[in-house]
Amino acid sequence: MSKELKKQQKKQGKNQVSIGGQAVLEGVMMRGENSMATAVRDQDGIIRVESVRVKPVKQRNPILRLPLVRGVVSFLSSLVGGSKVLMRSAEVFGEEEPSKFEKFLADKFKINIMSVVTTVSLILGLGLAILLFMFLPQLCREGLEKLFNTQFDIWAKSFIEGGLKLLIFVAYIMLASLLKDIKRTFMYHGAEHKTISCFESGMPLTVENAKKCTRIHDRCGTTFMVFVMLISIILFAVVESLIGDVEQLYRVLLKIALLPVVAGLSYELLKLLAKTKSPLVFPLKIPGMLLQKITTKNPTDDMLEVAIVAFNTVYEMDRDPTIKEKQFIVSKKRCDLLKEVKQTLLEHGITENAESEWIISLTLGVKRDELDCETMVSPKYIEKINSIVEQRITGRPLWYCIGDVDFYGYTLKVDERVLIPRPETEILVENALKNINKDSKVLDLCTGSGAIAIAVAKESGASVVAVDISQDAITLASENAKLNGVDVEFIVSNMFENISEQKFDVIISNPPYIKSQDILTLQKEVKDFEPNIALDGGQDGYDFYNIICEQAKNHLSLGGVLLLECGLGQAQCIKNMLKDFTNVEIIKDYENIDRIVKAVL
């Protein structure tokens, strides 16, 4: 909760707030003067929030703010908007695969199935309401007339039908409350009321405080519906007494025509009674309060958390116009998600399709050839993928964004502390392993992420010492060794400086070899993000090779092997430096480029 909110509550002691809401599927919608927010807990247990700015009542057409008229506007707005919010919450919580019919509508007619469901649900809901609360009470009343062989007068008709209407309404709600999903929705309804009551009571808005508050509220839509029922009884009776008896169909049409008037009067009565705590008007509140005992249930702590998030979001947005709107992260099909990621990367100049595939496949833990399908991806994973994409479009290297990389079949954590291991270095490891067994002693110079040392130790079981001048690199390399369950001795050392007198059977190194003046010509993601200390090989690119070629013989056993990875065009020069070695050879990489120099002491 913000400092401003706490200050406001402390100052006023008791707050009247123009925030109301409704329960949705696994969540709560709150609406204030200038904004609306829906908070939903998805199937991963994460609270998702969608917030929008709405046109303040004061800015509406003056005619729409007139008494009675504003009630009709509010009723229609709640009916349509409430249905949309309810369906929107279902998009967040649900992860079901689309049916064949849904796919057909989407592919053939480009129809958004959720929009169709919203419209159909609204129509069916209105139709059911007319059937249950207009036709059925009339049929029941006519049945009573035939049963008792009498003809009720207009006032009797209206009150009998009104009473039946109330009974049907209460029975409908009670039966609905037996359903598991409806019961949970009623619990979220209780969470909404308790949250608002907690704020209005002046207490800090916490779960513990909200639990103590009442779940009955004066401005509840349930009370509004009771007022609609009661006012319709009186209004219909008055109108029918003026126009006389009409046929059943015309009576239904008349009631439908009068609904806006009923809604307007009910809204004004609800607003009026909410402003007073006078015992004189308490009897008018009792029916709605009793019905709220059914339509609200005591929520769980996690439900209250959701309601509080929705409330705080609206409260802050109403007071700070700079706060941006949010959209739900909803489930998507893998194939659609892949297209979106590819398009986003393309718009930022990243044309390699494999990157979008790696981002999604590694996040989901599936193969790249399993992405072009309609399996749904949950919001939790979409959020992770979006986070990686947002980092990648800044130029940050892909593997830093993902956080790890595969090297020689092993997973290594990588970030800006170390150079990202390249595939070419796997050739260095492959050739080194030909000269290593479990009894060998191996030294890895300029270890960086520990990639070479870890792969050699895992594959051979040899004793491996790895050094690097960077403490940060050694820290990360140690984490990688632990991650892969291997014992490697890591030492912070400037090349051979802190190495003991022991001799090694094999020395391996992939040292910095790029010329200092060439660093600025590298790709943005390399020069701006990968550590310069792991790239810069000095003025001519041979600074580290000079040290190795001069000192390696002092740390190698007789017959020991030295293997060095090098850059384009450097192999022959390095070979010429190894005058104290025999059997010096150059090994090419997969693209037939001289990549490795191997020498035997």
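Side chains included, hydrogens not; waters and symmetry mates left out as well; all remaining heavy atoms used. When a residue number appears, it is its place in the shown sequence, counting from 1.
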Reported [atom1]-to-[atom2] distance for the pair [X] and [Y], which is rounded to 0.5 angstrom:
X: Y188; Y: M303; atom1: OH; atom2: CE; result: 5.0 Å
X: L428; Y: C566; atom1: CG; atom2: SG; result: 10.0 Å
X: Q391; Y: L398; atom1: CD; atom2: CG; result: 10.5 Å

No-hydrogen, no-angle side-chain donor-acceptor test under 3.5 Å, T447 and D468: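 Their side chains do not contain a donor-acceptor pair, so the 3.5 Å distance test is not met.
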Donor-acceptor pair between D302 and T300 side chains, under 3.5 angstrom: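 Present: a donor and an acceptor within the cut-off.
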N435 and K598, any side-chain heavy atoms less than 4.5 Å apart: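 Yes, side chains in contact.
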Run the salt-bridge test on [X] and [Y] with the 4.0 Å N-O cut-off and return the result as yes or no.
X: K332; Y: E340; result: yes
X: E26; Y: R48; result: no
X: E430; Y: R595; result: no
X: R53; Y: E325; result: no
X: D594; Y: K588; result: yes

Taking distance alone, no hydrogens or angles, what donor-acceptor pairs closer than 3.5 Å link side-chain atoms of residues 511-518 to residues at least two apart or in another chain?
from, atom 1, to, atom 2, distance (Å)
S516, OG, D536, OD1, 2.7
S516, OG, D536, OD2, 3.3
S516, OG, G538, O, 3.2

Identified salt bridge (Lys or Arg N to Asp or Glu O under 4.0 Å) counterpart of E357 within the set R334, K367, K339, R368: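 Among R334, K367, K339, R368, the one meeting salt bridge (Lys or Arg N to Asp or Glu O under 4.0 Å) with E357 is R368.
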Cation over ring face, R319 and Y315, 6.0 Å, 45°: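 Output yes; distance and angle both within limits.
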Aromatic ring pairing H189/H193, orientation class (parallel under 30°, perpendicular over 60°, tilted between):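 Perpendicular: the ring planes of H189 and H193 meet at over 60°.
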Check: F199 ring centre within less than 6.0 Å of F311 ring centre: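 Distance test on ring centres: under 6.0 Å, yes.
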Within 6.0 Å of CD in E347, more than 12 heavy atoms from elsewhere: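 Enclosed: over 12 neighbouring heavy atoms sit under 6.0 Å from CD of E347.
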Whether over 12 other heavy atoms sit under 6.0 Å from D439 CG: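 For D439, atom CG is crowded (more than 12 foreign heavy atoms under 6.0 Å).
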Salt bridge (Lys or Arg N to Asp or Glu O under 4.0 Å) between E530 and R422, worked out: CA-CA 13 Å; E530 298 199 68; R422 268 55 172 185; 2.7 Å; yes
Contact list for residues 351-388, test ring pair (Phe, Tyr, Trp, His ring centres under 6.0 Å), sequence neighbours left out: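 Counting only pairs at least two positions apart or across chains, the ring pair (Phe, Tyr, Trp, His ring centres under 6.0 Å) contacts touching residues 351-388 are W358-W399.
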Worked verdict on S440 versus N437 for side chain to side chain donor-acceptor pair (under 3.5 Å): CA-CA 5 Å; S440 301; N437 57 51; 3.3 Å; yes
ring-ring contact (aromatic ring centres under 6.0 Å, His included) partners of F496, counting only residues at least two apart: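 Once residues adjacent in sequence are excluded, the partners of F496 under the ring-ring contact (aromatic ring centres under 6.0 Å, His included) criterion are H555.
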Derivation of the side chain to side chain donor-acceptor pair (under 3.5 Å) call for E459 and Y410: CA-CA 10 Å; E459 293 292 318; Y410 303 106; 2.4 Å; yes
